[in-house]
Amino acid sequence: MRLRRIMSALIVAGLCLPATTFAQAVYGSVVGTVTDATGAAVPNAKVTIRDMDRDVSNVATTNESGNYNQRFLIVGRYQIRAEAPGFQTSVMDSVAVSVDTEVKVDFKMNVGDLTQTVEVSAEGSLLKTERSDVSTTYSQKAVQELPMLNRRFTNFQLTTPGVSLWPVSLNAASPENPQGSYRLQVNGQSFAGVSHLLDGTDNHDAVLGWIVINPTLESVTEAKVTTADYDAEFGTAAAAVVSAQTKSGTNQLHGTGFEFLRNDHLIARNPFTQARPIFGSNGRLIPITQWNQFGGSLGGPVKKNKVFLFGDYQGTRRNSGGSVLLRVPSLAERTGDLSGLGLAIYDPSNGATPATRQQFVGNVIPVSKMSSQALALLKYFPAPNAPASTDQPNFAGSGSVKFNDDAFNTRSDWYATDKLHVFGRYSFANFTITAPGIYGAAGGPGYDPSGGTSAFAGSSSSLNHSIAAGFDYALRPNLFTDFRFGFFRYQVFVVPNGLETSPAKDAGIPGLNLDKTFTGGMPAFFINDYGSNLFKFGYAL
């Protein structure tokens, strides 16, 4: 009685819900018809739907037309058992129930003793009688066994028909997205119209437009990507709905463990950027590249048939080596000797217009006319280390970007009664990127394995949390309630390298390095229209 009073207080609002609201974003359903050998309906037949992994049962009764239905079933394998006085019992094993689907299981019962059991081997057919959505479902087997680089859940979204990656030029910078989520373009629609759900709760950053918690593959039991004609309950979606469900424990104790390793032992060196040993690497030509991903999961009963617990962890330790060719001022250019450029260099101080200015003798700028601030900043930049002519790249930079992540999920399920199911989940993900600048103390772009000259240099960390909890309760056979609470936090901290230094202030340039929190480090400056911005100094986010 006490439990009933508590539940009554919590579900008062549910009385206003129509009987046709089924919360299919989270659950699956089993429906069907029970008839006799002649095809006549068998009313008041008892249909028991038993979760084969947790030994939890739900009971439905056929109506006057012989129809039955059972909603609010979590993903899993079920045994369907039909019983009626005067008929043999019919049983169908291993009926797979998926999220947002309706499995139709019909029984044709034979006259006989109720103690006699007939095993039905036919499989239930998947029908969509309540919707016409276009979707792709990824089963637990597919999620765990399909080869997927980085073991990143969002990669599955890109294998869905009609889904492509939003143009890279319009994606956010990598430091704002260290977890590597994707902005999706679905059937030509904007990424802003994609909705992400995790266990039926919001998992979508409305500003940046991507998934907040990338669930680990060990924790996903099923995922569904709906790209058209989704239900009105997904009111925030205009392009697609990506819904993932996490695992629950079972009556059997199960665990997994894994580790994947990839290193640079079989990587060929780049003859253009890796022709010479990396400075300070004891003769090493190829920058350190090592990917190590490891983790495991464990699930089982706290109390059999009642309380279940599941948890998993995944860690990544990755060093990605990269090299790039850029242009730095030569040793002669640093002293004002620009004769090697093959250009006429004019003195801007002795003529009002370019036509009246005089050319420097030998195209050499006297030291007396050179900025002391510029000379001070030039000391931060490395000397050329690769042979080059005129304005060609003369500096080969190599190094590694360090990426670490730690992620875990915990979930508990409590089947309090045959009518009440309560669950709770907590997910955590921590990502960090450390990327040195190619020019060292002078900054410059980071090391991009593809050889790009605009890679991020600095450090980025993301600390993400997600909480989901809820319960479903059957008020009567045709009225169900489902209450669900969700909370997430997406935090990203991005800082440039050398934030604690003040090179501009030390060089005598005022108004730039005002503190060590927002304006520290080497200021960014560019020499335009010169070798496609091959001069690119400073720290840039």
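Numbers here simply count residues along the sequence, with the first being 1. Scope of the values below: all heavy atoms of this structure, side chains included, with no hydrogens, waters or symmetry mates.
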Could you check if a side-chain atom of Phe308 sits within less than 4.5 angstrom of a side-chain atom of Val302, using non-hydrogen atoms only?
-> no

Does a donor on one side chain and an acceptor on the other come within less than 3.5 Å for Thr154 and Ser181?
-> no

Criterion side chain to side chain contact (heavy atoms under 4.5 Å, CB included) on Asn187 and Thr227, from CA distance to verdict | CA-CA 8 Å; Asn187 297 325; Thr227 56; 3.9 Å; yes

Rounded to the nearest 0.5 Å, how far apart are CE of Met148 and CG of Leu158?
-> 8.5 Å

Can you check whether Gln157 reaches His196 side chain to side chain, under 4.5 Å on heavy atoms?
-> yes

What are the two closest heavy atoms between Ile438 and Gly446, and how far apart are they?
-> CD1-O, 3.5 Å

Judged by modelled atom types alone, do Asp199 and Thr246 share a side-chain donor-acceptor pair under 3.5 Å?
-> yes

With no hydrogens and no angle check, do the side chains of Tyr138 and Thr159 hold a donor and an acceptor under 3.5 Å apart?
-> yes

Phe72 side chain near His421 side chain, heavy-atom distance below 4.5 Å = no

If we only count heavy atoms from C-beta on, is the Gln314 to Gln293 side-chain gap below 4.5 Å?
-> yes

Does Thr519 use its side chain to pair, donor to acceptor, with the backbone of Leu514 at less than 3.5 Å?
-> yes

Hey, is the main chain of Leu475 close enough, under 3.5 Å, to the side chain of Lys419 for a donor-acceptor pair?
-> no

Using side-chain contact (heavy atoms from CB on, under 4.5 Å) as the criterion, point out the one residue from Asp202, Leu198, Asp205 that pairs with Val212.
-> Asp205

Pairwise side-chain contact, Leu208 with Phe191, heavy-atom cut-off 4.5 Å (strictly under) | no

For the pair Lys141 and Glu222, find out whether any cationic side-chain nitrogen is under 4.0 Å from an anionic carboxylate oxygen.
-> no

Pairwise side-chain contact, Phe408 with Asp312, heavy-atom cut-off 4.5 Å (strictly under) | no

Salt bridge (charged side-chain N to carboxylate O under 4.0 Å, His left out) filter on Asp51, not counting sequence neighbours, yields Arg54

Considering all heavy atoms, the nearest Phe431-Pro178 contact | CB-CB, 4.0 Å

If you round to the nearest 0.5 Å, how far is OH of Tyr415 from CZ of Phe423?
-> 11.0 Å

Is it true that the side chains of Asn155 and Tyr182 contain a donor and an acceptor less than 3.5 Å apart?
-> yes

Ile433 vs Val401, side chain to side chain contact (heavy atoms under 4.5 Å, CB included): CA-CA, chis, key distance, verdict | CA-CA 7 Å; Ile433 296 177; Val401 177; 3.9 Å; yes

Could I get the full list of salt bridge (charged side-chain N to carboxylate O under 4.0 Å, His left out) partners for Asp413, not counting sequence neighbours?
-> Arg411

Any donor and acceptor pair, going by atom type alone, linking the side chain of Thr501 with main-chain N or O of Pro503 inside 3.5 Å?
-> no

Taking atom types as modelled, is there a side-chain donor on Tyr27 or Asp472 under 3.5 Å from an acceptor on the other?
-> yes

Which pair of non-hydrogen atoms, one from Asn409 and one from Ser219, has the smallest distance, and what is that distance?
-> ND2-OG, 3.6 Å

So, the side chain of His204 versus the backbone of Val194: is there a donor-acceptor pair under 3.5 Å, distance only?
-> yes

Residues passing the ring-ring contact (aromatic ring centres under 6.0 Å, His included) test with Phe294, sequence neighbours excluded, are none

Residue list, salt bridge (charged side-chain N to carboxylate O under 4.0 Å, His left out) with Arg318, at least two apart or on another chain = none

Is the charged tip of Arg425 near the ring of Phe310: under 6.0 Å from the six-membered ring centre and within 45° of its axis?
-> no

So do Val97 and Val30 actually touch side chain to side chain, heavy atoms under 4.5 Å?
-> yes

Say whether Gln179 and Asn464, considering side chains only, have a donor N or O and an acceptor N or O under 3.5 Å apart.
-> yes

Rounded to the nearest 0.5 Å, the OG1 atom of Thr256 sits from the NE2 atom of His254 at a distance of 11.0 Å

Output, in order, the C-alpha distance, side-chain angles, deciding distance and verdict of side chain to side chain contact (heavy atoms under 4.5 Å, CB included) for Leu298 and Tyr313.
-> CA-CA 9 Å; Leu298 184 65; Tyr313 165 80; over 6 Å; no

Out of curiosity, Leu197 CG to Arg484 CZ, how far, rounded to the nearest 0.5 Å?
-> 10.5 Å

Heavy-atom donor-acceptor pair, Thr481 side chain to Tyr473 backbone, under 3.5 Å | yes

Taking every non-hydrogen atom, the tightest pair across Ser400 and Gly321 | OG-CA, 3.8 Å

Between Ser462 and Asn430, does any side-chain donor sit less than 3.5 Å from a side-chain acceptor?
-> no

With Phe395 via ring-ring contact (aromatic ring centres under 6.0 Å, His included) - residues at least two apart | Tyr439

For Ile213 and Ile211, run side chain to side chain contact (heavy atoms under 4.5 Å, CB included): C-alpha distance rounded to whole Å, both residues' side-chain angles, the deciding distance at 0.1 Å, then the answer.
-> CA-CA 6 Å; Ile213 291 292; Ile211 194 171; 5.7 Å; no

Least distance between heavy atoms, Pro393 atom then Leu325 atom = CB-CB, 4.0 Å

Contact summary for Phe428 and Leu463, nearest pair of heavy atoms = CE1-CD1, 3.3 Å

Do the ring centers of Phe488 and Tyr490 come within less than 6.0 Å of each other?
-> no

Which distance, rounded to the nearest 0.5 Å, do you find between the OG of Ser139 and the NZ of Lys224?
-> 14.0 Å

Salt bridge (charged side-chain N to carboxylate O under 4.0 Å, His left out) filter on Arg317, not counting sequence neighbours, yields Asp406

Under 3.5 Å side-chain donor-acceptor pair for His465 and Tyr426 = yes

Look only at the side chain of Thr417 and the backbone of Leu420, and say whether a donor-acceptor pair between them is shorter than 3.5 Å.
-> yes

Could you state the interatomic distance from CD (Gln70) to CD (Glu102), rounded to the nearest 0.5 Å?
-> 12.0 Å

Check the side chains of Asp405 and Thr316 for a donor-acceptor pair under 3.5 angstrom, ignoring hydrogens and angles.
-> yes

Any side-chain donor paired with an acceptor under 3.5 Å for Thr221 and Gln245?
-> no

Do Trp291 and Ser320 come close enough that some side-chain heavy atom pair is under 4.5 Å?
-> yes

Ignoring hydrogens and geometry, is there a side-chain-to-backbone donor-acceptor pair from Asn513 to Lys505 under 3.5 Å?
-> yes

